[in-house]
> 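Take a look at the following structure, please.
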Amino acid sequence: MPAIAADVATQLPEAAPAPVWTFTAEPYFWMAGLNGRVGVRGLSPVDIDFNFSQIFDHIDWSPPPVMLAGEARNGSYALFTDFIYLGLEADGTSPGPLALSAEVNMKTVVWSFGGSYRVVDNGTATLDVLAGGRLWYLDTDLTVTGPLAVREASGSKTWVDPIIGVAGDVALGNGFGLHGEADVGGFGLGADIDWQVQGTLQYRYSDSVTLEAGYRYLAVDYDDDGFVFDIAMQGPIIGARFRF
């Protein structure tokens with residue numbers, strides 16, 4: 001009987017290992033141009049337009065930009081975050097009967113955060129649905145120069161937009177893959193609309209390091225009590241993802 005019991009025990013299926021947490025961190029650099037309208041209470045909004053090839057002429061390097069994304073995953077569930085700090089200096093024009101020159105200094109924080117659930121994972125492709133929020137903080141100094149006077153105004157604003165979206169990956173073979181994500185939010189609870197799309201080509205350098213490069217577009221339309229931030233940011237993005 002002991003021998004039979006031992007034999008039966010050896011034939012029992014092993015329990016599946018419990019999911020474990022994995023973490024990724026990705027420093028990146030987004031060469032984003034900017035176009036749209038920026039306004040501070042007391043001054044009319046001004047138009048700003050420069051493309052990504054001019055970004056190094058407009059970045060305020062003190063303090064320097066910070067761009068970092070990360071994920072904590074346990075099986076089909078994950079938490080994500082994406083933090084941007086960027087200071088920009090730009091020239092613009094104030095629309096009206098007389099086109100007035102303007103100068104805008106902005107310090108911007110954009111922090112996206114939330115959770116996701118994996119609905120597709122077939123070994124070649126994955127698809128996650130996500131929900132969360134995007135916090136915006138803007139500190140803006142605006143100077144408008146006219147033929148008779150120079151007017152200045154400053155202001156700051158913080159708000160959070162709810163967001164929903166999707167993200168997915170497709171393996172191409174030989175270490176290459178495609179990554180895409182899109183989300184939309186605001187819905188009038190913060191901004192009127194707040195949305196982004198991003199697509200990158202990835203190369204898995206090792207089990208713990210993945211390199212990627214692509215393009216990102218982020219737009220927001222916010223208007224409250226004379227503070228206007230109706231802009232689109234777009235340009236190439238490069239990064240390195242570390243898994244541990």
Side-chain angles (χ1 to χ4, degrees), residues 18-32 65-86 108-138 158-172 176-187 189-191 193-220 222 232-244:
V20 296
W21 285 98
T22 61
F23 303 90
T24 62
E26 181 179 6
Y28 64 90
F29 185 64
W30 182 25
M31 295 169 281
V66 177
M67 302 177 186
L68 181 65
E71 181 188 75
R73 175 169 294 277
N74 189 321
S76 297
Y77 297 91
L79 302 173
F80 67 86
T81 185
D82 185 345
F83 179 85
I84 299 172
Y85 167 79
L86 183 62
T108 307
V109 171
V110 187
W111 177 35
S112 304
F113 55 90
S116 67
Y117 178 74
R118 181 150 293 174
V119 294
V120 175
D121 189 351
N122 60 19
T124 301
T126 64
L127 179 66
D128 297 347
V129 294
L130 61 90
R134 183 149 45 237
L135 179 146
W136 293 82
Y137 168 76
L138 304 174
T158 303
W159 74 92
V160 178
D161 294 326
I163 58 172
I164 55 175
V166 294
D169 294 278
V170 178
L172 301 178
F176 288 94
L178 296 175
H179 173 77
E181 57 186 88
D183 63 56
V184 62
F187 311 119
L189 300 176
I193 187 72
D194 176 353
W195 65 280
Q196 73 164 338
V197 292
Q198 177 177 318
T200 59
L201 174 65
Q202 299 180 326
Y203 175 67
R204 189 171 182 178
Y205 179 77
S206 68
D207 289 342
S208 58
V209 179
T210 298
L211 309 176
E212 64 177 333
Y215 203 85
R216 183 179 190 179
Y217 183 100
L218 172 63
V220 63
Y222 180 84
M233 302 173 68
Q234 61 178 314
I237 185 171
I238 56 173
R241 183 178 301 177
F242 300 91
R243 183 177 182 272
F244 52 95

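What's counted below: heavy atoms across the whole structure, side chains too, no hydrogens, waters or symmetry copies.
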> What are the two closest heavy atoms between Gly190 and Asp161, and how far apart are they?
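Scanning both residues, the minimum pair turns out to be CA-OD1, 3.2 Å.
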> Over all heavy atoms of both residues, which pair between Ala213 and Ile238 is shortest? Give the atoms and the distance, please.
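Smallest heavy-atom distance, with atoms named: CB-CG2, 3.9 Å.
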> Without swapping roles, check the side chain of Trp21 against the backbone of Ala72 for a donor-acceptor pair under 3.5 Å.
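Here the side-chain-to-backbone pair does not exist.
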> Which residues satisfy the side-chain hydrogen bond (donor to acceptor under 3.5 Å, both in side chains) test with Glu212, sequence neighbours excluded?
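For Glu212, the residues satisfying side-chain hydrogen bond (donor to acceptor under 3.5 Å, both in side chains) (neighbours in sequence not counted) are Thr200, Gln202, Arg241.
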> First locate atom CG of Asp82, then atom CZ of Arg216, and finally report the distance between them rounded to the nearest 0.5 Å.
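These two atoms lie 4.5 Å from each other.
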> Would you check if the distance from the ring center of Phe113 to the ring center of Phe80 is below 6.0 Å?
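Judged by ring-centre distance (under 6.0 Å), Phe113 and Phe80 do not meet the cut-off.
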> Does the pair Thr108 and Ile84 meet the rule for a side chain to side chain contact (heavy atoms under 4.5 Å, CB included), with working shown?
CA-CA 8 Å; Thr108 307; Ile84 299 172; over 6 Å; no
> So which atom in Tyr28 and which in Phe83 form the shortest heavy-atom distance, rounded to 0.1 Å?
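Closest pair (atom of Tyr28, atom of Phe83, distance): OH-O, 4.1 Å.
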> Find the distance between CZ (Phe242) and CD (Glu26) and round it off to the nearest 0.5 Å.
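If we round to the nearest 0.5 Å, Phe242:CZ and Glu26:CD are 9.0 Å apart.
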> Do we see a donor-acceptor contact under 3.5 Å between the side chains of Arg134 and Ser112?
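Result is yes, a qualifying pair exists.
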> So does Phe23 have more than 12 non-hydrogen atoms from other groups sitting under 6.0 Å from CZ?
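Correct, the count exceeds 12.
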> For the OH atom of Tyr215 and the CD1 atom of Ile237, what is their distance to the nearest 0.5 Å?
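Answer rounded to 0.5 Å: 11.5 Å.
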> For Leu135 and Val110: C-alpha separation, side-chain torsions, deciding distance, then whether side chain to side chain contact (heavy atoms under 4.5 Å, CB included) applies.
CA-CA 6 Å; Leu135 179 146; Val110 187; over 6 Å; no
> Side-chain contact test, heavy atoms from C-beta onward, threshold under 4.5 Å: evaluate it for Leu86 versus Met233 and give yes or no.
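Result yes, sub-4.5 Å side-chain heavy-atom pair found.
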> Within the side chain of Asn74, is there an N or O that forms a donor-acceptor pair under 3.5 Å with the backbone of Tyr77?
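Judged by distance alone, no pair lies under 3.5 Å.
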> Decide if the gap between the ring center of Tyr222 and the ring center of Trp136 is smaller than 6.0 angstrom.
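No - the distance between ring centres of Tyr222 and Trp136 does not fall below the 6.0 Å cut-off.
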> Taking atom CZ as the centre, does Arg118 end up with more than 12 heavy-atom neighbours from other residues, nucleotides or ligands that are less than 6.0 angstrom away?
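Atom CZ in Arg118 is packed in, count exceeds 12.
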> Contact between Val166 and Val129 at the side-chain level, heavy atoms closer than 4.5 Å - yes or no?
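The answer is yes; the side chains approach within 4.5 Å.
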> What are the two closest heavy atoms between Val220 and Ala191, and how far apart are they?
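Shortest heavy-atom separation between Val220 and Ala191 comes out as CG2-CB, 3.7 Å.
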> Among residues at least two apart in sequence or on other chains, which ones pass side-chain hydrogen bond (donor to acceptor under 3.5 Å, both in side chains) with Asp169?
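Listed in chain order: His179.
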> A side-chain contact here means heavy atoms from C-beta on lying under 4.5 Å apart; do Leu172 and Leu201 qualify?
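Yes, at least one pair of side-chain atoms sits under 4.5 Å.
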> Identify the heavy atoms of Ile163 and Gly133 that sit nearest to each other, and give their distance.
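Answer, listing the atom of Ile163 first, then Gly133: CG1-N, 3.6 Å.
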> Does atom CZ (Phe187) have a neighbourhood of more than 12 heavy atoms from anything else shown, all under 6.0 Å?
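Result for CZ/Phe187: enclosed.
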> Only one of Asp128, Thr22, Thr24 passes side chain to side chain donor-acceptor pair (under 3.5 Å) with Arg73; say which it is.
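Among Asp128, Thr22, Thr24, the one that satisfies the side chain to side chain donor-acceptor pair (under 3.5 Å) with Arg73 is Asp128.
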> Rounded to the nearest 0.5 Å, how far apart are OH of Tyr137 and OH of Tyr85?
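One gets 9.0 Å once the value is rounded to the nearest 0.5 Å.
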> Going through the checks in order, is the side chain to side chain contact (heavy atoms under 4.5 Å, CB included) test met by Val209 and Leu211?
CA-CA 7 Å; Val209 179; Leu211 309 176; 4.2 Å; yes
> Any idea which heavy atoms bring Thr81 and Trp111 closest together, and the distance?
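That would be OG1-NE1, 2.7 Å.
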